[in-house]
> 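Supplied in structure tokens, the structure appears directly below.
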Amino acid sequence: MPELPEVETIRRDLEGRLTGRRFTAVRIPPDWGKPVPVIKGIDEARFREGVIGARVEGVERRGKYLAFRLDNGLQLAVHLRMTGSLLHRPAGAGPDRFLRATLALDDGTELRFADMRKFGGLWLVEDVADAVAGDLGPEPLSEGFTESVLAGALRGRKAPVKAVLLDQRRVAGIGNIYADEACFAAGIDPRRPAGSLSPEEVAALHAAVRKVLLFGVESRGASFRDYQDADGNSGSMQMHVQVFRRNGKPCYACGAAIERVRLGGRSTHFCPKCQR
DNA sequence: CGTTACCTGAAA
DNA sequence: TTTCAGGTAACG
């Protein structure tokens, strides 16, 4: 569900509220349906040991991971995958659907992890990198993400441009919405072989990636279906998208019907006239 | 490199 | 009943 802008929205909201707080309890409710552990990488007992009593020193984001830096040198990392949400509630607040874990804090509030499809999870690691299979690429909104870094990621590859944008080892944080939106903003057909882009097109794509992600953050994320922020509120980016899930509707720029194709197993939306 | 599995509910 | 879903890791 959530991509960089959605995770960043949650991070910003939680940073001020959780920094300095201490975790006082970990509660894992009984599972429903097929049992899937919500704690990844270590057993639940060791997770509790490391989290309970630890103070939050900061809330960071790496790609689509949220990481709570703890005063014991460990990081509590969270990945929401498709349908996860991280809610900050008063301890007495009503129940949340699909609740997977509750972390109580010393100020009478709770961090609740809910996740309908159970793809997401919680890690207790020394570094977020320890929660990821491969290595995460550069942060697209950081100084380090230059035109030449993007050029290097695309160079020599025959995979579609969109596949490279979605590859977290090349660039961290872009998902299906913002990949489609970036390709539209750059005027590039998402099916083009990555290595076939001219330097001008690479420059346009670089600018477009940053533009759409920043717009997403300003809009507090896109709530098409499940995404909600830490207070359970929706973002507004879904009202501003140019192509995502707009198949059959007229392009805002030229009026042509937006098309949808399947690319690498993901729905891909683009304007056949504006994007070459 | 592309495809498939993971899991569940909502919408077509 | 079938299709679809803001993701990723494990396949072949």
Side-chain angles (χ1 to χ4, degrees), chain A residues 1-10 31-38 40-41 61-66 77-86 96-100 113-121 123 128-137 140 153-154 156-183 190-195 209 212-213 215-217 219-229 234-248 260-269:
Chain A
M1 141 190 91
E3 310 180 27
L4 185 153
E6 289 73 33
V7 179
E8 178 63 17
T9 298
I10 296 171
D31 210 335
W32 68 92
K34 229 176 197 212
V36 178
V38 64
K40 312 293 187 187
R61 181 190 56 73
R62 184 75 179 88
K64 300 173 192 173
Y65 286 85
L66 256 191
V78 182
H79 199 302
L80 304 168
R81 291 287 166 87
M82 293 289 267
T83 56
S85 49
L86 202 56
D96 285 295
R97 271 189 104 184
F98 310 119
L99 186 70
R100 300 275 284 148
F113 177 65
D115 185 14
M116 193 246 288
R117 290 177 75 182
K118 305 180 184 176
F119 290 165
W123 288 257
V128 174
D130 301 337
V132 200
D135 284 334
L136 286 176
L154 298 166
R157 244 160 267 289
K158 64 167 204 190
V161 181
K162 181 178 175 183
V164 174
L165 293 179
L166 289 178
D167 186 345
Q168 303 298 297
R169 293 166 306 190
R170 309 271 165 214
V171 190
I174 302 172
N176 211 28
I177 299 175
Y178 298 94
D180 282 2
E181 293 298 311
C183 288
R191 300 166 296 184
R192 286 266 304 281
V209 162
V212 301
L213 290 176
F215 193 16
V217 172
S219 305
R220 297 186 57 80
S223 297
F224 280 95
R225 193 193 199 75
D226 304 290
Y227 170 69
Q228 44 185 340
D229 67 20
S234 293
S236 59
M237 184 65 189
Q238 68 281 4
M239 305 200 272
H240 304 296
V241 293
Q242 304 293 298
V243 289
F244 187 76
R245 293 203 196 165
R246 291 198 65 248
N247 42 94
R260 180 175 76 169
V261 296
R262 193 153 291 273
L263 217 165
R266 317 295 305 277
S267 273
T268 297
H269 316 75

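In what follows, every heavy atom counts, from backbone to side chain, and hydrogens, waters and symmetry copies are set aside. Lettering follows sequence order; numbering is per chain, from 1.
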> How long is the line joining CG of A/Asp167 and P of B/dC1, in whole Å?
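Value for this atom pair: 9 Å.
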> What distance separates A/Arg97 CZ from A/Asp115 CG, expressed to the nearest 0.5 Å?
13.0 Å
> In whole Å, what is the span from the CZ atom of A/Phe244 to the C1' atom of C/dG7?
12 Å
> Would you classify A/Ser223 as touching base, sugar-phosphate or nothing, given that sugar-phosphate means primed atoms plus P, OP1 and OP2, and contacts are heavy atoms under 4.0 Å?
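Base, at least one base atom sits under 4.0 Å.
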> Report the distance from atom CZ of A/Arg266 to atom C1' of B/dT3, rounded to the nearest whole Å.
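Rounding to the nearest Å, CZ of A/Arg266 and C1' of B/dT3 are 13 Å apart.
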> Heavy atoms only: give me the nearest A/Ala153-A/Val164 pair and the separation to one decimal.
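Heavy atoms of A/Ala153 and A/Val164 come nearest at O-CG1, 3.8 Å.
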> Can you measure A/Lys40 atom NZ to C/dG7 atom P for me and round it to whole angstrom units?
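Distance, rounded to whole Å: 17 Å.
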> A/Ser267 has a side chain; which of C/dA9, C/dG7, C/dA5 sits nearest to it?
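Ranking C/dA9, C/dG7, C/dA5 by closest atom to the A/Ser267 side chain puts C/dA5 first.
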> Donor-acceptor pair, A/Thr268 side chain versus A/Arg266 backbone, under 3.5 Å?
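Yes, because the side chain of A/Thr268 sits within donor-acceptor range (under 3.5 Å) of the backbone of A/Arg266.
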> Less than 4.0 angstrom from a charged side-chain N to a carboxylate O is my criterion; do A/Asp226 and A/Arg117 meet it?
no
> Hey, could you give me the CZ/CZ distance between A/Arg260 and A/Arg246, rounded to the nearest 0.5 Å?
14.0 Å
> C/dT8, OP1 or OP2 - any side-chain N/O from A/Gln168 closer than 4.0 Å?
yes
> Roughly how many Å apart are B/dA10 and C/dT8, using the C1' atom of each and rounding to a whole number?
23 Å
> Remember a base hit wins even if backbone is also touched, and classify A/Arg262 as base, sugar-phosphate or nothing at under 4.0 Å, heavy atoms.
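Sugar-phosphate contact only.
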> Do the non-hydrogen side-chain atoms of A/Gln168 and A/Lys64 ever get within less than 4.5 Å of each other?
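Touching, per the 4.5 Å side-chain cut-off.
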> Decide side-chain contact (heavy atoms from CB on, under 4.5 Å) for A/Asn176 and A/Lys162; before the verdict, give the C-alpha distance in whole Å, the side-chain angles of both, and the deciding distance to 0.1 Å.
CA-CA 9 Å; A/Asn176 211 28; A/Lys162 181 178 175 183; 2.5 Å; yes
> By nearest heavy atom, map A/Ala131 and A/Arg260 onto DNA chain C; which one lands nearer the 5' end?
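This one resolves to A/Arg260.
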> Would you mind telling me which residue lines up with the more 5' stretch of DNA chain B, A/Arg157 or A/Gly265, judged by nearest nucleotide?
A/Arg157
> Please enumerate all residues that pass salt bridge (Lys or Arg N to Asp or Glu O under 4.0 Å) together with A/Arg191, with sequence neighbours excluded.
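Residues passing salt bridge (Lys or Arg N to Asp or Glu O under 4.0 Å) with A/Arg191: A/Asp189.
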> What integer distance in Å separates A/Asp226:CG from C/dC4:P?
17 Å
> To the nearest Å, how far apart are A/Asn247 CG and B/dA12 P?
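Going from CG in A/Asn247 over to P in B/dA12 covers 12 Å.
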> Would you say the side-chain atoms of A/Tyr178 and A/Glu6 include a donor-acceptor pair closer than 3.5 Å?
yes
> In whole angstrom, give the distance that lies between atom CZ of A/Arg169 and atom P of C/dT8.
11 Å
> Whenever both distances are under 3.5 Å in a Watson-Crick or G-U wobble pair, mark it; put DNA chain C into dot-bracket that way, with [ ] for crossing pairs and | when the partner is on another strand.
|||||.||||||
> Report the distance from atom CG of A/Leu166 to atom P of C/dT8, rounded to the nearest whole Å.
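Taking atom P of C/dT8 as the reference, CG of A/Leu166 is at 9 Å.
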> Would you indicate which nucleotide in C/dA5, C/dG7, B/dG2 comes nearest to any side-chain atom of A/His79?
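Side chain of A/His79 sits closest to C/dG7.
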> Quick test: give all pairs of protein nitrogen or oxygen and nucleotides 5-9 of chain B nitrogen or oxygen below 3.5 Å, distance rounded to 0.1 Å.
| residue | atom | partner | partner atom | Å |
| --- | --- | --- | --- | --- |
| B/dC7 | OP2 | A/Lys34 | NZ | 2.9 |
| B/dC7 | O2 | A/Arg117 | NE | 2.9 |
| B/dC7 | N3 | A/Arg117 | NH2 | 3.1 |
| B/dT8 | OP1 | A/Lys34 | N | 2.7 |
| B/dT8 | OP1 | A/Lys118 | NZ | 2.9 |
| B/dG9 | N2 | A/Arg225 | NH2 | 3.4 |

> Once you measure the plane-to-plane angle for A/Trp123 and A/Tyr65, does it fall in the parallel (<30°), tilted (30-60°) or perpendicular (>60°) bin?
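Because their plane-to-plane angle is over 60°, the rings of A/Trp123 and A/Tyr65 count as perpendicular.
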> Can you see if the side chain of A/Lys158 gets near the phosphate of B/dG2 - specifically, an N or O under 4.0 Å from OP1 or OP2?
no
> Would you measure the distance from the P atom in B/dG9 across to the matching atom in C/dA9 and give it in whole Å?
24 Å
